[in-house]
Amino acid sequence: MRAVVQRVDGARVDVGGETVGEITGEGLCALVGVTHEDTPEKAAQLARKLWSVRILEGEKSCSDIGAPLLVISQFTLYGDARKGRRPTWNAAAPGPVAEPLVDEVVAQLRALGATVATGRFGADMRVSLTNHGPFTLVIGV
């Protein structure tokens, strides 16, 4: 699994003109990608990392200050554009494999005490955020 994580001052995701997930104030927006070999254990490991990574203001983590997270599935994190002009998606897990693992990341975060908003798996989403820093990090497990 991998995640592109941004420190934000608010973020939301809209589907069909409706806001389906939103966080306000300081927090993290995590775009989560799943590959074929990923497991529920890796999902739990990623959740712990997202909850505890110290990239918020003052080197704090979400767990330190109770900051919210917006978690959005994104298969394109496993896209490969090294050859030609059209990326391939072979390394991305198919929906029936990926969706439960993204859901597991969210469930594990909530079990840790996190406030978590989400996108809608497989939907055409519009993500809006204010990147604070800018601060963006790639986390893999």
Least distance between heavy atoms, [X] atom then [Y] atom:
X    : Y    : answer
V13  : T118 : CG1-O, 3.6 Å
L101 : M1   : O-CE, 4.0 Å
A11  : C29  : CB-CB, 4.4 Å
E22  : L70  : N-CD1, 4.4 Å
K60  : D64  : CA-OD2, 3.6 Å
E26  : A67  : O-CB, 3.5 Å

For [X] and [Y], test the side chains for any donor-to-acceptor distance below 3.5 angstrom and give the result as yes or no.
X    : Y    : value
Q45  : E41  : no
D14  : S128 : no
T130 : D9   : no

Value rounded to 0.5 Å, distance of [atom1] in [X] from [atom2] in [Y]:
X    : Y    : atom1 : atom2 : result
R110 : T115 : CZ    : OG1   : 9.0 Å
E104 : T39  : CD    : OG1   : 9.5 Å
R12  : T24  : CZ    : OG1   : 12.5 Å
L28  : L50  : CG    : CG    : 7.0 Å
L112 : R48  : CG    : CZ    : 8.0 Å

Check whether R126 reaches the backbone of V15 with its side chain - one donor and one acceptor, N or O, closer than 3.5 Å.
no
Under the 3.5 angstrom rule, does the side chain of R54 hit a backbone N or O of E59 as a donor-acceptor pair?
yes
Close side-chain approach of I72 to M125, heavy-atom, < 4.5 Å:
yes
Residues two or more places apart in sequence or in another chain: which of them pass ring pair (Phe, Tyr, Trp, His ring centres under 6.0 Å) with Y78?
none
Between L56 and C62, does a side-chain contact (heavy atoms from CB on, under 4.5 Å) hold up when you go through it step by step?
CA-CA 7 Å; L56 298 177; C62 288; 4.1 Å; yes
